[in-house]
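Worksheet for the structure shown next.
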Amino acid sequence: MTNAMVPESAQLNMPICIDGRMLNDGGAGTGVGQYARTLIAALQTAGICPSVLKDGGPARHRPRIRKLLAAARPWSRVAFFSDQGFYVRDVFREAQVFFNMHKRPMPIALPGRPGIMHWSYPLPLQIRGWRNLYTVHDVMPLDPGIPSPVDGARLRTMLNALRDTGGEFVTVSDTARSQIISQMGWPMHMVATCHQAADISGARQGALPESLCEGDYLLYVGAVEARKNLLRLLEAYHASGSPTPLVISGPDGLDAAAVDARIRMTPGAIRLGLQPRDRVLQLIAGARALILVSLAEGFGLPVAEAMALGTPVISADVPALAEVGGGATLLVDPLNIAALRDGLIAIDSDPLLRDRLSRLGAKRAQHFALEPYAQRLLKLYGIA
């Protein structure tokens with residue numbers, strides 16, 4: 001999409017701003033950070049250069065001082081122009097304290113014309129006079145059956161407070177939209193769906209870690225935690241008798257110690273910690289297959305990334321992963337060890353199956369490219 005394809009009013013009269021809360025994650029590719037980076041990249045393909053709201057790092061206040069400052073600021077904090085957009089010192093951390101005390105989002109005044117503020121996740125902040133659009137990736141913390149480090153009661157209170165102060169909401173899949181509406185008891189029109197993109201630019205070149213050979217390992221990418229179903233995956237992998245290594249790459253999450261213990265007991269399983277973004281893409285591109293058999297997901301970005309990189313995918317037959325896969329992945333029952341085992345055997349031993357999934361995945365991945373995503377965003381913003 002070129003600038004000429006974007007309405008002139010969109011380019012000149014509708015500033016767009018993205019929060020920079022998770023942009024500086026050291027290139028590790030955390031989910032929200034990658035979402036924000038991809039959001040910016042997609043808009044740039046449409047000839048739009050969004051501003052970024054930054055906090056410039058934490059102020060050197062003790063917790064008690066931060067609490068006193070938040071209590072004394074029921075009015076708007078004022079942002080200043082910066083080289084990339086806007087700047088408010090310590091705004092993201094202070095907003096959390098402000099919300100804890102006042103149970104409403106902290107207002108911010110931005111200089112210049114009003115526009116669209118696209119928050120990369122539900123932050124307790126509101127730009128006065130702007131459209132505030134909050135991305136809700138999922139509401140799994142509201143489900144007591146899904147382990148989560150997020151305080152579900154606080155998240156529910158925050159989402160309702162954002163709604164009550166005029167916030168709008170978008171999510172990344174129809175599955176997540178249905179779950180948000182159901183869990184929050186909101187009407188259907190409160191939440192829009194805008195499938196995110198898989199930006200696969202910048203894969204690392206050269207040797208793979210742990211002496212891995214391209215095309216000769218199975219790969220899981222993501223947090224090491226209970227809802228990712230890794231204990232069943234490891235049991236199924238052991239039962240498969242596969243000689244192909246199973247690589248588990250990602251940061252510690254809930255129950256990581258239990259998963260690590262099982263990895264050490266499973267011949268052929270290899271644990272990698274959190275990897276830089278370019279290494280993650282290299283690992284996905286070089287894998288014989290990507291395995292994502294989570295019990296629940298809001299989107300499942302590694303599935304879209306693998307399809308875009310030509311890597312076949314086994315995924316759990318849960319609504320979000322089936323939606324993203326769009327018929328281009330091998331779906332298995334994540335609770336059935338035998339089904340997981342048979343899926344691993346099939347994709348490991350059948351090159352014709354892998355080739356078919358790779359072709360189907362590449363076609364499906366076109367939906368998640370940056371340019372179609374930019375068009376979805378412009379339609380979401382009402383400027384296309």
Side-chain angles (χ1 to χ4, degrees), residues 14-44 46 48-59 66 70 73 76-100 104-138 150 154-155 158-159 161-163 165-172 176 191-192 194 196-197 199 277 298-299 301 373-374 377-378 380-381:
M14 185 63 70
I16 297 172
C17 187
I18 314 296
D19 68 273
R21 172 67 180 86
M22 298 298 290
L23 284 175
N24 298 323
D25 59 6
T30 58
V32 174
Q34 185 56 34
Y35 175 84
R37 282 188 289 272
T38 303
L39 183 60
I40 292 170
L43 290 172
Q44 288 173 342
I48 296 173
C49 186
S51 300
V52 177
L53 174 64
K54 293 187 174 183
D55 70 353
R66 288 198 299 272
R73 285 174 169 156
S76 298
R77 291 201 63 185
V78 178
F80 301 94
F81 285 117
S82 71
D83 56 342
Q84 290 185 289
F86 306 101
Y87 166 93
V88 185
R89 169 67 74 178
D90 204 28
V91 65
F92 300 125
R93 185 162 55 174
E94 185 174 309
Q96 300 293 345
V97 179
F98 183 95
F99 178 77
N100 289 342
R104 59 184 175 86
M106 186 171 76
I108 302 175
L110 297 187
R113 301 188 310 274
I116 298 171
M117 182 69 209
H118 191 148
W119 301 98
S120 62
Y121 68 112
L123 284 165
L125 287 161
Q126 180 187 55
I127 307 301
R128 295 188 64 177
W130 286 48
R131 282 182 63 194
N132 287 269
L133 181 64
Y134 299 91
T135 304
V136 184
H137 296 269
D138 61 72
V150 177
R154 185 177 188 274
L155 175 61
M158 184 184 300
L159 291 175
L162 295 174
R163 179 203 59 185
T165 51
E168 302 174 42
F169 300 93
V170 63
T171 191
V172 292
V191 186
C194 185
Q196 67 185 90
D199 185 356
R277 173 68 180 167
F299 183 79
L301 182 59
Y373 181 42
L377 287 169
L378 296 181
L380 175 70
Y381 297 158

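In this chain, numbering begins with 1 at the start of the sequence shown. Computed from a predicted model, the values in this text were never measured in an experiment.
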| said: Please give me the minimum heavy-atom distance between Thr165 and Pro105, naming the atom from each residue. | reply: OG1-CG, 3.5 Å

| field | Trace of the side chain to side chain contact (heavy atoms under 4.5 Å, CB included) decision for Leu380 with Leu133 | value | CA-CA 10 Å; Leu380 175 70; Leu133 181 64; 3.5 Å; yes

| note | Those residues at least two apart in sequence (or on a different chain) that pass side-chain contact (heavy atoms from CB on, under 4.5 Å) with Asp199 are Gln34, Thr38, Ala41, Ser201, Leu370

| Between Phe86 and Phe80, is a ring pair (Phe, Tyr, Trp, His ring centres under 6.0 Å) present by the stated rule, with each step listed? | CA-CA 5 Å; Phe86 306 101; Phe80 301 94; over 10 Å; no

| Inter-residue atom distance Phe99.CZ - Leu123.CG, 0.5 Å rounding | 11.5 Å

| query | How long is the gap from CD1 on Ile116 to OG on Ser51, to the nearest 0.5 Å? | reply | 12.0 Å

| For the residue pair Pro114 and Gly129, what are the closest heavy atoms and their distance? | CB-O, 3.3 Å

| said: Tell me the closest heavy-atom pair linking Leu301 and Ala197, and the distance in Å. | reply: CD1-O, 3.6 Å

| field | Whether Arg154 side chain and Asn100 backbone form a donor-acceptor pair below 3.5 Å | value | no

| message | What I'd like to find out is whether the side chain of Val170 reaches to under 4.5 Å of the side chain of His118, using heavy atoms alone. | response | yes

| request: Could you point out which residue of Phe299, Tyr121, Tyr35 forms a ring pair (Phe, Tyr, Trp, His ring centres under 6.0 Å) with His137? | output: Tyr35

| task | Measure the spacing between CZ of Arg128 and CG of Leu110 and express it to the nearest 0.5 Å. | result | 11.5 Å

| query | Would a 4.5 Å heavy-atom cut-off, applied to side chains only, mark Cys194 and Tyr373 as touching? | reply | yes

| task | Nearest 0.5 Å please: distance from the CD atom of Gln44 over to the CG atom of Leu39. | result | 10.0 Å

| task | Look only at the side chain of Arg131 and the backbone of Tyr381, and say whether a donor-acceptor pair between them is shorter than 3.5 Å. | result | yes

| Donor-acceptor pair, side chain of Asp19 and main chain of Ser120, under 3.5 angstrom | yes

| message | Within the 4.5 Å heavy-atom criterion, are Val52 and Ile40 side-chain neighbours or not? | response | yes

| field | Test item: Asp55 and Glu94 side chains (from C-beta on) under 4.5 Å apart, heavy atoms | value | no

| Validation row: Cys17, Ile127 side chains within 4.5 angstrom (heavy atoms) | no

| Angle class for the Tyr134/Trp119 ring planes (parallel below 30°, perpendicular above 60°, tilted otherwise)? | parallel

| query | Say you draw a straight line from CE of Met117 to CG of Leu53; how long is it, rounded to the nearest 0.5 Å? | reply | 5.0 Å

| request: Answer whether the closest heavy-atom distance between the side chains of Pro124 and Gln96 falls below 4.5 Å. | output: yes

| Side-chain heavy-atom pair Pro15, Trp130 within 4.5 angstrom cut-off | yes

| field | Least distance between heavy atoms, Ala42 atom then Ala374 atom | value | O-CB, 3.3 Å

| task | Find the distance between NZ (Lys54) and CG (Asp83) and round it off to the nearest 0.5 Å. | result | 6.0 Å

| task | Check whether any side-chain heavy atom of Leu125 sits under 4.5 Å from a side-chain heavy atom of Phe92, and report yes or no. | result | yes

| request: Spell out, as yes or no, whether a donor-acceptor pair under 3.5 Å connects the side chain of Arg37 to the backbone of Leu23. | output: yes

